[in-house]
Amino acid sequence: MKRLVILISGRGSNMEAIVKACAAEGWPAEVVAVISNRPAAGGLQFAAERGIASAVVDHKAYASREDFDAELARVIDGFAPDLVVLAGFMRILTSGFTARYARRMLNIHPSLLPSFTGLHTHERALEMGCKIAGATVHFVTAELDHGAIVMQGVVPVAPGDDAKTLSARVLTVEHRIYPQSVRWFVDGALVWDGERVTHRDGAAQQLLLL
Ligand code: GRF
């Protein structure tokens, strides 16, 4: 059984999608802990209801990013994960932290990377007049929202969209590509080719909901 630790900062809908897919599809994996940097994160409630261990490492209690990341790593390592899953975890991580979990930490970002790294992706896509939008699952490196792409999901931008309607549409694709990506990791189906990642059997690494 592969051990998964999921990091959240808020609502935790991606975490929920992964927990549910893991149980429903009988992955050879277990979500052993959900860790939040915010005590009030909504997702903690879901973890409690499911009987999943949880922990809070409140970033406000630490003087520096290094101190916070050191404590976060200590708590994560206490659960001995095979994979760390960032699911709406809204902290910038130090390079020491990302190096520690190199090739065993995933993130989901609500844009078609490498476009729109950082915050306010939907507002910026709308401002640019983008006709498609989407989300990207990638391995985490020291550079924010970079790292090998595991899967991308694409949705149309509809006339009259605002950030709220667009983000809701993108979220539907997030809830499909993130569980799929984690499952591939669990199954050992992801293959490194230099700095890029492909699927062992050539499965489609994109989901087009157009
Ligand atoms: C998602 O849009 C994710 O891509 C972004 O933050 C949001 C988190 O949503 N990084 P949730 O907490 O998983 O519901």
Side-chain angles (χ1 to χ4, degrees), residues 4-24 31 33-50 52 54-59 72 83-93 97-98 101 105-126 130 132-158 161-183 185 205-207 209:
L4 312 177
V5 166
I6 306 183
L7 271 55
I8 63 169
S9 295
R11 170 179 65 178
S13 69
N14 279 288
M15 175 270 294
E16 205 173 314
I18 291 164
V19 168
K20 286 180 173 165
C22 181
V31 177
V34 172
I35 301 173
S36 173
N37 66 306
R38 291 185 198 278
L44 290 171
Q45 168 93 22
F46 173 82
E49 284 164 12
R50 286 271 174 152
I52 299 170
S54 65
V56 174
V57 183
D58 187 346
H59 62 277
L72 186 59
L83 179 69
V84 177
V85 179
L86 307 183
F89 185 69
M90 305 299 282
R91 299 300 300 167
I92 290 175
L93 298 163
F97 186 91
T98 57
Y101 301 106
M105 181 158 65
L106 292 173
N107 181 46
I108 190 159
H109 183 73
S111 79
L112 294 171
L113 291 174
S115 294
F116 310 124
T117 60
L119 296 173
H120 310 301
T121 54
H122 305 303
E123 286 85 347
R124 288 154 63 205
L126 290 167
C130 289
I132 55 171
T136 304
V137 177
H138 63 96
F139 280 93
V140 177
T141 59
E143 203 177 340
L144 181 69
D145 299 327
H146 280 67
I149 291 174
V150 175
M151 194 170 187
Q152 292 188 301
V154 181
V155 296
V157 176
D161 260 345
D162 57 23
K164 204 167 162 226
T165 57
L166 181 56
S167 72
R169 193 173 311 112
V170 170
L171 197 63
T172 62
V173 88
E174 292 185 39
H175 292 166
R176 292 178 60 178
I177 64 173
Y178 214 179
Q180 176 67 82
S181 299
V182 174
R183 179 165 197 174
F185 182 94
Q205 288 172 266
Q206 71 283 102
L207 178 65
L209 298 183

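Just follow the structure's listing: the first ligand is 1, and inside any ligand the first atom is 1. Model, not experiment: these values are computed from the prediction.
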Problem - Between CD on residue Gln45 and CD on residue Glu16, distance to nearest 0.5 Å - result: 10.5 Å
Handout entry: Pick from Glu174, His175, Met15: the one approaching atom 3 (C) of ligand 1 most closely through a non-hydrogen atom
Key = Glu174
Practice task
Could you walk me through whether Ile177 and Gln152 pass the side chain to side chain contact (heavy atoms under 4.5 Å, CB included) test, one step at a time?
Solution key: CA-CA 7 Å; Ile177 64 173; Gln152 292 188 301; 5.6 Å; no
Problem - Positive for side chain to side chain contact (heavy atoms under 4.5 Å, CB included) with Met15, one of Leu7, Leu4, Ile8 - result: Ile8
Completion exercise
Closest to atom 12 (O) of ligand 1 by heavy-atom distance, out of Ala17, Ser9, Gly12, Ser111, is Gly12
Exercise for the section: Compute whether any side-chain donor of one residue and acceptor of the other, for Ser13 and His175, lie under 3.5 angstrom apart. Expected result: yes
Exercise for the section: Please report the closest heavy-atom contact between Leu144 and Gly118, naming both atoms and the distance. Expected result: CD2-CA, 4.2 Å
Exercise for the section: Any atoms of ligand 1 less than 4.0 Å from a non-hydrogen atom of Gly88? List them with their elements. Expected result: 6 (O), 8 (C), 10 (N)
Exercise for the section: Go through ligand 1 atom by atom and flag the ones less than 4.0 Å from a non-hydrogen atom of Arg11. Expected result: 9 (O), 11 (P), 12 (O), 14 (O)
Completion exercise
of all protein heavy atoms, closest to atom 5 (C) of ligand 1 is Pro110 CD, 3.9 Å
Practice task
May I ask you to identify the nearest protein heavy atom to atom 10 (N) of ligand 1, giving residue, atom name and distance to one decimal place in Å?
Solution key: Ile108 O, 3.4 Å
